[in-house]
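Since this is a predicted model, take the numbers as computed values, not measurements.
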Amino acid sequence: MGVSSVIIFYIISGYVISGLFSARFHTIKNAKYFYIERLVRIAPQYYFYWFLTLLLILVVGIDFPSYSGFKMENFSLLDVFSNLTVFPLGLTVYFPFLVQYPLIGQAGSLSNELIFYLLVPLIFTSNRIILIGSIISIIVFSLATMSYINTSGYSYNNLPGPFIFFVVGHLIYKQQWGWGVAALTALAVNMAYVILYKDITAGFNTEIYLGLGIGVLLILFLKDMKPNKLDNLAGAISYGCFLGHGVILVPFRYYNLFEDNLFLFSTSILSLSILMGYVSYKLVEEPTLRYRRKWRF
């Protein structure tokens with residue numbers, strides 16, 4: 001379900017960032033201010049959880065599955081570069097040598113998000129660039145789902161394949177229904193072909209299309225509803241919950257907590273992750289809000 005959730009997140013991100021850029025930054029001339037605002041939004045909590053993960057490894061001695069046998073002396077300058085800049089974590093198909101120890105495993109999707117941010121001032125001010133990018137993305141995505149190229153790598157883990165999901169969210173926000181229907185039709189035709197002639201269970205094909213369907217329906221249903229305090233609270237803690245669930249989940253697995261009771265295991269992870277997201281929002285992100293608003297126009 002994590003894969004489906006990431007796809008939903010990409011679609012929501014395309015929708016929300018399209019609104020953010022259109023309402024507060026307007027043109028490509030304000031791109032630098034958009035980048036600063038996004039950096040202040042993303043970086044503080046990321047580095048907070050990166051440091052917390054490192055403490056769990058080096059001080060507590062927890063062995064994280066994604067970097068089993070981790071030793072500080074093996075943490076190269078390339079690892080430091082990859083973890084601190086984030087970008088290489090979502091480009092492992094292209095640059096596997098850069099990422100030996102990703103301290104926050106889910107940061108691969110965060111890397112895709114950051115690359116999308118870099119492109120936002122260009123793609124949101126040029127329909128031609130959106131069209132070209134969408135065509136390239138759909139071609140790469142389709143080749144991956146058909147297993148002609150690395151299935152998971154190019155359809156889910158690395159751009160340009162997943163780029164089309166950001167675009168779908170953007171098109172819904174802009175109410176460019178003709179383009180949106182065309183993009184979704186192309187993806188639907190690809191899905192039908194994969195079901196009939198290829199393997200829909202290969203890689204994350206099933207989960208990706210499930211996330212696409214749910215994400216589009218959710219936005220269409222929710223986009224005209226007025227937000228309330230609960231919505232705002234959930235939005236505030238969501239990023240910390242996303243980054244922080246690993247530091248909850250891995251220790252639970254490491255110490256075999258509630259391993260025989262799926263209900264207790266799941267509810268404990270969910271509850272503690274939400275709590276962690278709230279705490280890190282209050283401690284780390286909330287103090288930056290005033291500075292973030294400074295860069296909005």
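Every salt bridge (Lys or Arg N to Asp or Glu O under 4.0 Å) that Glu286 has, sequence neighbours left out, goes to Lys282. Applying the side-chain hydrogen bond (donor to acceptor under 3.5 Å, both in side chains) criterion to Thr151, with sequence neighbours excluded, gives Ser147. Legend: residues meeting ring-ring contact (aromatic ring centres under 6.0 Å, His included) with Tyr197, ordered by chain and number and at least two apart, are Tyr193. Evaluation of the side chain to side chain contact (heavy atoms under 4.5 Å, CB included) rule for Val189 yields Thr185 as partners, not counting sequence neighbours. Residues satisfying the side-chain hydrogen bond (donor to acceptor under 3.5 Å, both in side chains) test with Glu285, not counting sequence neighbours, are Arg41, Gln45, Arg292. A search for side-chain hydrogen bond (donor to acceptor under 3.5 Å, both in side chains) contacts involving Ser268 returns nothing, not counting sequence neighbours.
Under a 4.5 Å side-chain heavy-atom criterion applied to ILVMFWY residues, the cluster that includes Leu77 comprises that residue alone. Counting Ile, Leu, Val, Met, Phe, Trp and Tyr side chains that sit under 4.5 Å apart, directly or through other members, Leu233 shares a hydrophobic cluster with Ile237, Leu270, Ile274, Tyr278.
By the rule that hydrophobic residues join a cluster once side-chain heavy atoms approach within less than 4.5 Å of another member, Phe124 and Leu122 end up as members of one cluster.
Annotation: salt bridge (Lys or Arg N to Asp or Glu O under 4.0 Å) contacts involving residues 225-239, sequence neighbours excluded, are absent. Applying the ring-ring contact (aromatic ring centres under 6.0 Å, His included) definition to pairs two or more places apart or across chains, those involving residues 137-159 are Tyr94-Tyr154, Phe141-Phe165, Phe141-Tyr209, Tyr156-Phe204. Identified under the side chain to side chain donor-acceptor pair (under 3.5 Å) test for residues 107-121, with sequence neighbours left out: Tyr10-Asn112, Ser13-Glu113, Arg38-Tyr117, Glu113-Tyr117.
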Show me, pair by pair, the donor-acceptor contacts under 3.5 angstrom made by side chains of residues 170-183, not counting sequence neighbours?
from, atom 1, to, atom 2, distance (Å)
His170, ND1, Ser18, OG, 2.9
Lys174, NZ, Ser22, OG, 3.0

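Counting all heavy atoms, side chain and backbone alike, Glu37 lies closest to Phe25 at CB-CZ, 3.9 Å.
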